[in-house]
Amino acid sequence: MSLPEALTAAITDLAGAPLEAVRLLGGGDISNAARVEAGGRSILVKWQDRPPMVQPGWLDIFAAEAAGLQLLARAGALRVPEVLRTGAGGDGPAYILMEWIERGDSGHQQAGVALGRGLAALHRNLGPRYGLGHGNYCGATPQDNRWCASWVEFYGTRRLGWQMALAGRRGLLPAARRRGLERLIDRLDEWIGDEACQPSLLHGDLWGGNWLVAQGGEPVVIDPAVYYGEREAELAMCRLFGGFTQAFYTTYDAAWPPAAGRDDRIPLYQLYHLLNHLNLFGEGYGSSVDAIWRRYVGQ
């Protein structure tokens, strides 16, 4: 696969020089990706030849990624790749051009300490309410960020309810699952108290594959799904699929101690991401979804 002509033109215009080398990258299930060399610098490019239609109130997937990275960069708590340019598609591909960050060979434990400290600092950036000024994406799934004054309302409607509606349209919501999730949403305030929550700036999709260690040992976070939400939701996602050192958790908790009962709420917040995986990858995640709602509301 070679780069589309319009994308090559955008890169050469940015670099002020022709492409010197292109290395296609594997592993992406949403977009194509490549490392390119031009004008004496390395650039990461991601693109989609036929980007999906954008819903009203949503940015396209790369504009949303750029906005999220720039919001995290302005917070100054954690390093993110510098956004160089985006393109919305039209007659050519939709794309994002970013700084290429070279990975380091070691220092994961030390970087975990810095990541824990930096994430706590990020979460101290508070928003006016819960949500964001535009919709974005968690993976390939549109993420509803319409503002709410209440975290219980936001999590119940914009997160769990939104994913339930998607699952229903995709035939992934049998009657028992639907009833159980509806009961859980109706009773969220039994486990979550709005008075104890704050609208922290969240990465939004922080699993082990969305951070790396740069040369020199600095942690870098990538592929955000940012919004202002309760910080426990972020930490629950970190624990869902692994990829973080114990030093990360210890350092975070030392910088910002947990609220009482946090561990009992972890599965509740993991439910959003498991529902998202159900919608993205199918019924293989159904049993995990069902185990969580049954934990809280029974059969």
Side-chain angles (χ1 to χ4, degrees), residues 26-31 48 52-53 55 58 61 64 130-131 135-146 148 151-192 202-211 223-227 229-244 261-299:
D29 56 4
I30 298 173
S31 306
Q48 293 181 351
M53 294 287 292
Q55 301 186 52
W58 259 261
I61 195 165
Y130 299 98
N136 55 17
Y137 303 82
C138 190
T141 306
Q143 183 167 258
D144 182 5
N145 293 325
R146 288 172 294 162
C148 286
W151 171 246
V152 171
E153 179 188 357
F154 183 88
Y155 190 64
T157 60
R158 309 292 194 253
R159 291 296 177 258
L160 300 183
W162 177 264
Q163 292 286 351
M164 278 185 64
L166 291 178
R169 292 195 293 270
R170 295 171 183 176
L172 295 166
L173 208 62
R177 182 175 298 158
R178 180 187 297 276
R179 288 194 301 270
L181 290 169
E182 287 173 345
R183 289 202 305 273
L184 184 144
I185 291 171
D186 287 343
R187 294 171 54 188
L188 276 179
D189 59 2
E190 294 182 21
W191 305 286
I192 302 172
L202 307 183
H203 174 284
D205 192 20
L206 191 55
W207 63 287
N210 279 350
W211 77 284
D223 295 343
V226 300
Y227 66 99
E230 166 55 37
R231 67 190 181 105
E232 289 183 356
E234 186 108 280
L235 295 169
M237 178 53 170
C238 293
R239 293 184 181 277
L240 184 56
F241 299 119
F244 297 84
R262 181 189 66 183
D263 290 351
D264 293 332
R265 292 184 291 271
I266 285 174
L268 194 63
Y269 289 131
Q270 290 174 338
L271 182 57
Y272 170 64
H273 293 283
L274 288 169
L275 280 166
N276 189 37
H277 277 65
L278 175 70
N279 280 314
L280 289 171
F281 306 115
E283 186 55 38
Y285 286 90
S287 60
S288 297
V289 167
D290 295 340
I292 291 177
W293 64 255
R294 286 182 176 127
R295 170 188 176 128
Y296 291 95
V297 301
Q299 293 292 333

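In plain terms, the two heavy atoms of Y137 and I61 that are nearest each other are CE1-CA, 3.5 Å. In this structure, A140 and L280 approach most closely via the heavy-atom pair CB-CD2, 4.2 Å. G229 approaches Y130 most closely through the heavy-atom pair CA-CD2, 3.9 Å.
Contact of the R159 side chain with the Q143 side chain is registered, since non-hydrogen atoms from C-beta on lie closer than 4.5 Å. Side-chain atoms of Y269 and M237, non-hydrogen and from C-beta on, never get closer than 4.5 Å to each other. Counting only heavy atoms from C-beta outward, the side chains of D223 and D205 never approach each other to under 4.5 Å. Side-chain atoms of D186 and V297, non-hydrogen and from C-beta on, never get closer than 4.5 Å to each other. The shortest side-chain heavy-atom distance between I185 and M164 falls under the 4.5 Å cut-off. Contact annotation: the side chain of L172 never approaches that of V289 to less than 4.5 Å [non-hydrogen atoms, C-beta and beyond].
For F154, the ring pair (Phe, Tyr, Trp, His ring centres under 6.0 Å) partners at least two apart in sequence or on another chain are W151, Y227. In this view, W207 satisfies the ring pair (Phe, Tyr, Trp, His ring centres under 6.0 Å) rule with no residue, not counting sequence neighbours. Residues passing the ring pair (Phe, Tyr, Trp, His ring centres under 6.0 Å) test with Y272: none are found, sequence neighbours excluded.
Atoms CD and CZ, from E182 and R178 in turn, are 6.0 Å apart once rounded to the nearest 0.5 Å. Separating the CG atom in L278 from the CG atom in D290 is a distance of 8.5 Å, to the nearest 0.5 Å.
Between the W191 side chain and the D264 main chain, no donor and acceptor come within less than 3.5 Å of each other. A distance-only check finds a donor-acceptor pair linking the side chain of N276 to the backbone of C138 [under 3.5 Å].
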